[in-house]
Amino acid sequence: WSFSQLKDAAIHHLNFHLYLLNNNANLIDASAYNIQFNGHKSIFIDILSIKEYENGEYWKAHKQFCENFLNPLILKSKKNIDFNNWFKGNLEGITTKDLNSLLSFTDKISYNIFVQVVLLNYLENKTISDKKIDISKVNKKKFPKKSYISILKSIRNLIKNLELKNEKTVWGDYSGNNTYKMEEENNKKKIVEDFSKKFKFDMVADLGCNDGVYSEICLKNGSKSVIGFDFDLNSINKAFLTSKEKNLNFLPLYLDATNPSPNLGWLQSERKGFLHRAKFSGMLSLAFEHHLAIAKNIPLDQVIKFLTNIAPRGLIEFVPKDDETIKKMLLLKGDIFKDYNEQNFKNLILKNAKIISEKKISESGRKLFEYSTK
């Protein structure tokens with residue numbers, strides 16, 4: 001998720017928790033995985049974590065909520081450090097100890113951050129080192145429900161006030177990086193429009209979705225839902241906010257295609273990796289393949305196999321070496337990609353699928369190939 005997605009998920013979790021407490025129920029855990037997104041809408045899915053509220057009980061999942069929600073949001077907001085790859089290495093997110101080590105003195109003088117990070121870290125360390133603590137006595141102490149609700153509301157206010165720092169990224173402004181002339185771009189959009197109208201897909205994967213322009217075209221032309229993937233978190237965040245604003249059935253997600261999420265957790269089966277979950281009926285790969293083949297040195301045959309395995313039907317854009325984008329990529333590397341040409345690109349598609357059509361979309365020779373594995 002992007003920052004805004006995790007923020008929405010955190011607020012959803014807290015609002016639902018407050019609702020339960022007001023109806024004499026409670027939550028036994030606070031995992032970020034309990035929230036999923038249907039398009040831009042967050043949904044709580046783990047009904048087995050709901051229990052009857054017992055008078056005087058503590059928020060036992062406070063530490064887990066901080067590690068899964070609060071700490072990653074503070075880290076991004078205060079230090080501009082992305083949390084996404086952190087979750088690849090630790091399913092529970094970011095420990096309070098680690099966050100406390102990264103925050104500056106200025107960050108810590110905020111009352112809420114002092115209480116939720118500095119003080120909590122101190123208490124956790126004290127609990128570990130103090131062998132005289134009598135757990136039975138602690139459990140007998142009653143915690144007023146009013147105080148419980150007050151803590152949840154306080155953390156909710158803290159999260160609502162956390163904002164992203166302004167940061168420029170290469171693809172954060174997609175329109176500013178557009179390499180097409182107006183006529184070429186309109187032609188490309190028309191091809192995507194016709195493709196979506198023809199098949200009316202249940203779920204489309206938009207690889208390299210940027211701010212979601214082509215995802216939205218699919219949704220307006222018969223496709224029921226789109227999941228977009230991009231490496232640029234600014235683009236993902238912008239696309240998510242657009243999806244909310246326009247009420248689209250569009251979910252943008254962070255993906256490094258060269259290092260996608262692996263199988264994680266107990267027996268490596270608790271959380272399935274990207275390739276196990278990538279089951280789509282249609283796929284867009286627009287101005288994407290060259291970022292793998294040229295920028296990341298991945299063999300072209302592996303790139304094509306990866307793309308055609310995402311969905312049985314799709315559009316793949318080929319960007320030739322004469323294109324300015326490729327020329328810039330090759331400036332420092334030199335042209336070490338002898339098999340990167342249109343004919344080889346077509347031959348490799350034909351090894352994995354049928355080519356339904358090919359259409360030139362730019363003066364530089366960019367082409368859109370429609371394939372089918374059916």
Does a sphere of radius 6.0 Å around [atom1] in [X] hold more than 12 heavy atoms from other residues, nucleotides or ligands, not counting ones at 6.0 Å or beyond?
X      : atom1 : result
Glu270 : CD    : yes
Glu57  : CD    : yes
Ile47  : CD1   : no
Glu92  : CD    : yes
Lys41  : NZ    : no
Lys108 : NZ    : yes
Lys198 : NZ    : yes
Lys327 : NZ    : yes

Same apolar cluster: Ile310 and Leu292, side chain cutoff 4.5 Å = yes
query = Do Ile28 and Ile50 share a hydrophobic cluster (ILVMFWY, side-chain heavy atoms under 4.5 Å, transitive)?
reply = no
CA sep, side-chain torsions, deciding dist, call: Leu120, Val118, side chain to side chain contact (heavy atoms under 4.5 Å, CB included) = CA-CA 6 Å; Leu120 184 59; Val118 181; over 6 Å; no
Which word best sums up how the rings of [X] and [Y] line up, parallel for under 30°, tilted for 30 to 60°, or perpendicular for over 60°?
X      : Y      : answer
Phe65  : Trp59  : tilted
Phe16  : Phe44  : tilted
Phe318 : Phe369 : perpendicular
Phe280 : Phe229 : perpendicular
Tyr148 : Phe143 : tilted

request  = Any chance you could lay out the side chain to side chain contact (heavy atoms under 4.5 Å, CB included) test for Ile236 and Phe3, step after step, and finish with the verdict?
outcome  = CA-CA 9 Å; Ile236 290 297; Phe3 176 86; over 6 Å; no
message = With side-chain hydrogen bond (donor to acceptor under 3.5 Å, both in side chains) as the criterion, how do Ser4 and Asn237 come out once you've worked through the C-alpha distance, each side chain's angles and the decisive distance to 0.1 Å?
response = CA-CA 6 Å; Ser4 293; Asn237 204 69; 3.0 Å; yes
Below 4.5 Å, heavy atoms only, C-beta onward: do [X] and [Y] meet side chain to side chain?
X      : Y      : answer
Asn26  : Leu21  : yes
Asn55  : Lys145 : no
Val226 : Glu216 : no
Asp82  : Tyr254 : no

key: Remaining members of hydrophobic cluster (4.5 Å side-chain criterion), Ile43   = Ile45
request  = Could you check His40 against Asn247 for side chain to side chain contact (heavy atoms under 4.5 Å, CB included), going step by step and ending with a plain yes or no?
outcome  = CA-CA 7 Å; His40 62 83; Asn247 194 26; 2.9 Å; yes
Where is the tightest heavy-atom contact between [X] and [Y], given as atom of each residue plus distance?
X      : Y      : answer
Ser42  : Asp8   : OG-O, 4.3 Å
Thr308 : Ile316 : CG2-CD1, 4.3 Å
Thr96  : Cys66  : OG1-CB, 4.4 Å
Gly222 : Ser196 : N-OG, 4.2 Å
Ala287 : Val319 : CA-CG2, 4.4 Å
Asn221 : Lys197 : OD1-CE, 2.9 Å

request  = Go through the steps for His62 and Gln116 under the test side-chain hydrogen bond (donor to acceptor under 3.5 Å, both in side chains), then give the verdict.
outcome  = CA-CA 10 Å; His62 177 228; Gln116 296 300 331; 3.0 Å; yes
Ion pair check, [X] and [Y], cut-off under 4.0 Å:
X      : Y      : value
Lys360 : Glu363 : no
Lys189 : Glu185 : yes
Lys220 : Glu193 : no
Asp301 : Lys305 : no
Lys79  : Asp107 : yes
Lys7   : Glu163 : yes
Asp202 : Lys224 : yes
Lys188 : Glu184 : no

ask   = Under the 6.0 Å and 45° cation-pi test, does Arg271 pair with Tyr33?
value = yes
Tell me if a side-chain donor or acceptor on [X] pairs with a main-chain N or O of [Y] at a distance below 3.5 Å.
X      : Y      : answer
Asn125 : Asn121 : yes
Lys354 : Lys374 : yes
Thr373 : Ala353 : no
Asn297 : Ala293 : no
Asn22  : Leu18  : yes
Asp230 : Asn210 : yes

Hydrogens and angles aside, do [X] and [Y] bring a side-chain donor and acceptor to less than 3.5 Å of each other?
X      : Y      : result
Asp256 : Thr258 : yes
Thr242 : Glu245 : no
Asn68  : His13  : no

key: Test applied, side-chain contact (heavy atoms from CB on, under 4.5 Å); reference residue, Pro320; option that passes from Arg366, His290, Lys367, Glu342   = Arg366
ask   = Can you list the residues that meet the salt bridge (charged side-chain N to carboxylate O under 4.0 Å, His left out) rule with Lys333, with sequence neighbours excluded?
value = none
ask   = For the ring pair Phe250 and Phe240, is the centre-to-centre distance below 6.0 Å?
value = no
key: Ring center gap for Phe195 and Phe201 short of 6.0 angstrom   = yes
inquiry  = Between Met329 and Lys321, is the side chain to side chain contact (heavy atoms under 4.5 Å, CB included) condition met? List the steps.
reply    = CA-CA 10 Å; Met329 288 180 170; Lys321 287 181 179 178; over 6 Å; no
inquiry  = For a side-chain hydrogen bond (donor to acceptor under 3.5 Å, both in side chains) check, start with the C-alpha distance between Asp98 and Thr95, then their side-chain angles and the critical distance, and finish with the verdict.
reply    = CA-CA 5 Å; Asp98 287 343; Thr95 66; 3.2 Å; yes
query = Could you walk me through whether Asp323 and Thr325 pass the side-chain hydrogen bond (donor to acceptor under 3.5 Å, both in side chains) check?
reply = CA-CA 5 Å; Asp323 192 272; Thr325 302; 3.2 Å; yes
